[in-house]
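Here it is: the structure, laid out below.
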Amino acid sequence: MVELDTLQPFFADKQELLDEILGRYPEYGRRSALMPLLWEVQRAERHINDARVEEIAEIVGVHPTEVRGVMSFYSTYHDHPVGRFHLQVCSTLSCSLAGSDELYDHLVEELGIVNGETDGDGYFSLQKVECVGSCTTAPVLQVNDTYYERLSKSRCRQLIASLREGELPEPWHARGGDADAKGGEEQ
Amino acid sequence: MSDTVAFDSQRITSRKDPRFEVVMYRHVGVEGAWTLDYYLGHGGYSAARKALTEMTPEEVVQTTIDAGLRGRGGAGFPTGVKWSFMPRPDGRQRFILCNADESEPGSCKDRYVMQDDPHQLIEGMIIGGYAIGATKGIIYIRGEYYQAYERLRAAIGEARERGYLGKGLFGTEFEFDLILHRGAGAYICGEETALMNSFEGLRANPRLKPPFPAQAGVYGLPTTINNVTSLASVVHIINRGADWFSAMGTDDSKGFHHIQLSGTVNRPGIYEVPMGITFREIIYDLGGGPSIPAKAFIPGGTSCPLFPFTDEFLDTPMEYAAVAKKGSMLGTGGLIVIPEEKCIVDAMYNIVRFYAHESCGKCTPCREGVATWMPQIYRKLLEGLGTPHDVQLIEDLAGKIKGTAFCPLADACVVPVQASLKYFREEYDYLAHHGHSKYQKSDWWQE
Amino acid sequence: MSLFSIAKGMGVTLSHLFKKPVTVSYPEEPADVKPRFRGRHHLLRHPDTGLEKCIGCSLCAAACPSYAIYVEAAENDPDNPVSAGERYASIYEINMLRCIFCGMCEEACPTGAIVLGHEFELADYRYNDMVYGKDDMLVGVKGSKPQRREAERTGKAVRLGFKAGPRAELEGVDY
Amino acid sequence: MKVTVNGVELELKEGTSVIDAVFAAGYDVPYFCSQEYMSPIGACRMCLAKVGAPRKDRASGEWILDEETGKPKIFYFPNLMATCTTTVMEGMVVDTLSEDVVEAQNSMVEFTLINHPLDCPVCDKGGACELQDRAYEYGTGLSRFEFDKRHQEKHAALSELITLDRERCIHCKRCVRYFEEVPGDEVLDFINRGGHTFIGTEGEGLPSNFTGNITDICPVGALLDTTSRFRGRNWEYDHTNTTSMDDASGSALVVDARTGRIERIKSGLNPEVNKTWIDDGTRFGHEYVDAADRIRTPLVRRDGKLTPATWQEAAQFIAERLRGLAGKEVGIALRADSTLEEGVGAKALAAQLGDGKVDHYPRPAASLLDGANRATLEDLAHADAILVVGDPTEEVPIVDLRIKDALKGVSSPELFPHGVPIADLRLKERMPRRTEILTVLAPYRTDLMKYAGSSHVYEAGAEETIFSALQSGNEPQGFEEGFAAQLQQRLAGAKKAVIVYGGNVLASQGASNALLGFARRVGARTMPLPAMANSVGLELTGVLPSHVRYSYPEAVGTELRALIVSNLNPAADSRLVQRLQELELLVVHTMFEDETTHIADVVLPAKSVYERDGTIVNLEGRILPVRSAPVDGGLSEDFTGVVKRLGEALGQRMEGRSIRSARRALKKSLELDLDNLPDEGVLVPFKARARGVSVRQAAAGEGNLLLVPSMIRHEYLSRNPHLLAAHGETPLRLHPDDADRFGVSHGDVVTLPVGGVIRRAVVRVTPGAPVGVPLLASLPDQPAGLVQANFAELRKERLALEVA
């Protein structure tokens, strides 16, 4: 299925989107559209394959090598498909001090996959990532684009259960400090 | 919102001072605060209107200089002075670039501003753009902040639709529009020149300076780069005047800062505090004290040297000079408390691993030293295979990497390492001699 | 001169008659060669894989003070390698007429592929025959060219004219 | 600017980099990432030094003085500075010898080496490796790294011509920057980041004409020339500094030979000509020299069969036949890459035999010496308006690179005592290009059009009409509205305008005259692109027939009774074979068996271009020395040798029987001492043509196939296996419509009679080819221009392989 999809240029039927993205940048900065275009492909296909790299190179007018060079520089573009739910455990200091190592171990046990793996049916992918900017609300698990912060053991179990159901639950309110609306006033 | 604050000669240096008022984070966390209506309902865009209609760009720059606002992105360079570096207008397009690629471990202050109060940033961008004569603003937001990206995008759309962005703002000739650009996970993009490369669709390697961004920035055109909270602060400085801002803090560091308190404390979170407040106040009064016994804290994000959790350091006022005098930096204000039972070597490995992962690979000391060698020695030590020689080697390598790399990333990696060796060398030695850490780690993951 | 003196002199002579002689009746008997004697070169193989140790780097040729060595390298066929690694010596020649057996080649070799052995009986009739190739020096080849030619003619084993203890670096070389 | 380096005081220009200051002071700093003609980036951190400068007091504007000495106080930078990216300042003090600098150098060597495999014994760069040298000079010799080195692919073939060893790469980024900065083809980039960074490319091969240069600039053995892989060690090669005879650029070359064989070719340094770059055709197209089927001994036809003979026998044989002939019955033709000395010999031989007819070929219809206002390559690199007519990327590739220099708008650096500045701080990564200064016209889409502000594809053969119109200020037909006016304005308004024109214009006298008229009108300098290395020199020194009807090869059809050709193949043209067979004597001096050797009476073994000694004149009129590499060519001789042998057989001492005698003659005509020619060459003024008529009255503008120039020498392609593998067989480029018309598809191998020559080619269907005019690479015997091809005779030899 996926093989067949790649034969059709991704942006062939998305002229409007393409115009919008290219229109964001000045004419002399056409190359700036490279990253947004990669994002579009990745959101739709959960990875960016060689054919897409060539297509994007054609659109922004550079050699595909340049696109590959840029794409591989950033850690959130994937050249292999990730699962439907891409679980990213932040493992940098603040999260680690809030128990992200245990959280990761729990997920490994629960899902049967380790860092960088996708399970057999392409449902879950697990990845240890570096700081995602949720230090005051650690530990955090990023599922696709959504943050699940202050992820306690019970919340984690609930989350995995609903992901198994195929549902991405609403993230709960978790801030603290002045970021908490009332927090500041109470001090 | 009170427009004026009664001044007396005494500066506001404590959160306990009744004159202190939370401003920037006032609406963060309020449901719906990200809409234009809410923002306008709470006095939004009055600062931009005031700047554009009542002030000249020079006055805006001067007000910012007078307020004593220093960049909140880590380096602490005075914002107004940076603006004044822009060359005289010569007909070329110029840009104001907002560095919203907040990736320093320990900091997340920008995210909430963009997520919950995006118009505040947009307004700050308009004022900044007006001050330096830029008609185009760019917000480079880190790729992981998808929710903030979406909110910002909606906010920009709303602002554009209702005439707060575009041509003829507030009935003046001034024209301003924003480009929102999303990164894709690279800490190095926090370095301003790497950020510009990344924006241009290149690999985010830092560029050579000079030329500085003010001469040749984005697309080779004059550019000024500011942090999110620096720009948002300008909104309030214009609204309330330079005196209001400079009344807070100390002579060296004025205004307020955002402390992002994390690690093992009872109430982690982001606190808007006046400069000059001590770390003890932050950790105990605001954060409710350490949840388990602490032995060290990092005052401003992982690229700053850590401090031992002793009275001497806890009573240090939070100002640029005082912290520097103690041998660290205020950085982005990401305060991390490290508990007694965390092996300092393990904590440093965590930091070193982060920088190893984020090294761009351009220069030799960083690619080979930071990204290849250091983490391997740490791993060896933590696996119990280390020798005292390895501890010496870490110290030696850190000394050799410091100051020789192309950009500050490598230094950011080795300064905390050097500080850890300075204050906690016995933990390294213990590990090297015994093959295991002195401390027994408990389960920190909460039920 | 007394008779005693004569007897004393004869006694000295007589005593030498029963001592072990210092001369060796080479070539009937094998010559005694010291362990560090430097004779004809051997090109060694890795004992476990049987691959040639020589990687054709030409450092021996560079080190050779008498320009006696010529090496030409080629790329290994990964499926059927001659040596370990990417390249091997497709041609390896030493001109024994020029060689001064100084051992510099052995010194320079980064893989320990070339070692000077004990064979010294290299005299031959034609200049061309004095150029030893890989076939003449690889482990397993015993004797010099004329000795092997002789052995082939007579159908007997190569007879070496010396005896020497084994040397550690001459692994796999069997005298 | 006064700068002190380790106590040595220097006076330097503003903008000089500190690294050049250090070298100028006679000290050394190690460096890897800097390269003379590329932007400094400060990535390798090898060139660190302690740098300080005095400061002025903000308030008073006076230097802050040291209280003790009373001199301006030196404020050292808090960190060591990378000297390659630091500019000198007034009063700057640089220290490269202190302990902390030495320590930093030690540690950078250590860092660089931790992931370097140290397989120097098997590395082709061993012995000529910058890292090896620097590690020896600036390293401690010890490593404290005890972990596994990074393991990556050891022989990644970037293309058929370049092998990459990823483990050896030290990430200096020279190759990546080279592609962006020099040819502008960004085909190589870093992949991944941090410790995992490696060099890579997407897709097949490296689509550029200038890929080989990265093997020269790689400071380690990561990028290697595949043709020379494992062929020898650097200290074993005989290095010959010579001049390229591959095209008319006169690029400096270093030919590395070992045991009588050319193992590799590297680029030399000639700052005013090729800087330090050469194209792939020149670099990799040398393997034919050592081909097994090379003719290495003279052959004389006896009883219908060519039999080996000595030179003496062959010369006697020729002399006997020649004795019975009148001078005007003997024709002599040299290929246009013969040296000046060979030309002198040919002229002398022709004169000796009587009213001999002498010519060189290929020789364009229009003279290369017309048009007084000639541009040099330096003029081109500093031009602010350039019009290109043709395809320099293929004709003389160095011209393409010099045009790209002009697009950057940075003038050539001034030389230091240590040579070209190591770090020219005016060069930057990703410089904006002034594409608007370049206009390209060609009868098909050329590579250079990508870099041109405006370009136009015109109908093949229309050069004369276009330039006649432009000359008279009119709009040529088929051009966009206002194109001519804009072009004229740009050229006329420029401080330095240059018009580069190639074989398509030179193929017609009318077109050439019209173009020169236009150039005069707009005040532009001109640069014609000759077909071969010494075309200009041979015309300049008058290796020309005394009358237009004696021009080669037309003269073959006249009263000629004997013909001596050097490195030419007249019999390839089937229309001439009959006539050549009727000759009483056909002598061919060549390297390989071909159609002409099949019917020749005597075949003389020729030296390749790398084996000759002599001089050539490049396209800008620069006389350059050609030196012979020690290559085993059997009994082969250059044409000077032929003249000498024939002279001996004829009992005559002819001018040009040796290099010395030829140079005596040339000294008179050129007023130059060729024996002491500097490596960089000497520019000679163009004089009026020495004698004879060079103008051929061939009609241009007819034909249905366009012969186009190529950087690859297609006559030798089958004997250059690596080049063949990389670039494929000679292509016949067709527009898709034409492919349908002829019933061929992409990849078919076809034979096609082109102007009497049966050409074999592989079909390449491309929309870039003009409709109705297929493109085929030209040969020395078939120079660029329109010709008549018989498409009815197009035969498929092999069908395209099915795409798996």
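None of the values given here were measured: they were computed from a predicted structure. Here is the naming used below: chain letters follow the sequence lines, and residue numbers restart at 1 for every chain.
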- Message: Any donor-acceptor pair under 3.5 Å linking the side-chain atoms of C:S5 with those of C:S2?
- Response: yes
- For the pair C:R148 and C:E150, find out whether any cationic side-chain nitrogen is under 4.0 Å from an anionic carboxylate oxygen. no
- Note on the structure: Rounded to the nearest 0.5 Å, the CG atom of D:D280 sits from the OG1 atom of D:T211 at a distance of 3.5 Å
- Query: How long is the span from the CD atom in D:Q132 to the CG atom in D:L113, to the nearest 0.5 Å?
  - Reply: 10.5 Å
- Please look at C:A74 and chain D and tell me whether the side chain, the backbone, both or neither of the residue comes under 4.5 angstrom of a heavy atom of that chain. backbone
- Task: Enumerate by number any residue of residues 110-145 of chain C whose heavy atoms lie under 4.5 Å from heavy atoms of chain D; in the absence of such residues, state 'none'.
- Result: C:P110
- Message: Could you walk me through whether D:R168 and D:D119 satisfy the salt bridge (Lys or Arg N to Asp or Glu O under 4.0 Å) test, starting with their C-alpha distance in whole Å, then the side-chain angles of each, then the deciding distance to 0.1 Å, before giving a yes or no?
- Response: CA-CA 9 Å; D:R168 290 182 193 150; D:D119 52 356; 3.1 Å; yes
- Under 4.5 Å, heavy atom to heavy atom: which of residues 133-155 of chain D reach chain C? Give them by number, or say none. D:K154, D:H155
- Any luck finding a side-chain donor-acceptor pair between D:H116 and D:E167 under 3.5 Å? no
- Where at least one partner belongs to residues 91-114 of chain C, residue pairs that pass ring pair (Phe, Tyr, Trp, His ring centres under 6.0 Å), sequence neighbours excluded: C:H41-C:F101
- Query: Using a distance-only test with no angle check, is there a side-chain donor-acceptor pair under 3.5 angstrom linking D:T227 and D:R283?
  - Reply: no
- Query: Are the side chain of D:R166 and the backbone of D:A222 linked by a donor-acceptor contact shorter than 3.5 Å?
  - Reply: no
- Task: Could you give me the CA-CA distance, side-chain angles and deciding distance for C:Y26 and C:E28, then say whether side-chain hydrogen bond (donor to acceptor under 3.5 Å, both in side chains) is met?
- Result: CA-CA 5 Å; C:Y26 174 85; C:E28 285 77 27; over 6 Å; no
- Task: Evaluate the criterion side-chain contact (heavy atoms from CB on, under 4.5 Å) for residue pair D:R264 and D:T215; output intermediate values, then yes/no.
- Result: CA-CA 11 Å; D:R264 75 174 168 208; D:T215 66; over 6 Å; no
- Do any of residues 80-90 of chain C come closer than 4.5 Å to chain D, heavy atom to heavy atom, and if so which ones, in number order? C:E86, C:R87
- Might you work through the salt bridge (Lys or Arg N to Asp or Glu O under 4.0 Å) test for D:R231 and D:E236, ending with a clear yes or no? CA-CA 10 Å; D:R231 298 301 291 265; D:E236 297 175 332; over 6 Å; no
- With rounding to the nearest 0.5 Å, note down the distance linking CD1 in D:I278 to CG in D:L253. 5.0 Å
- Query: What part of D:N234 gets closer than 4.5 Å to chain C, counting heavy atoms only: side chain, backbone, both or neither?
  - Reply: neither
- Straight-line distance of C:I91 CD1 to D:T259 OG1, nearest 0.5 Å: 8.5 Å
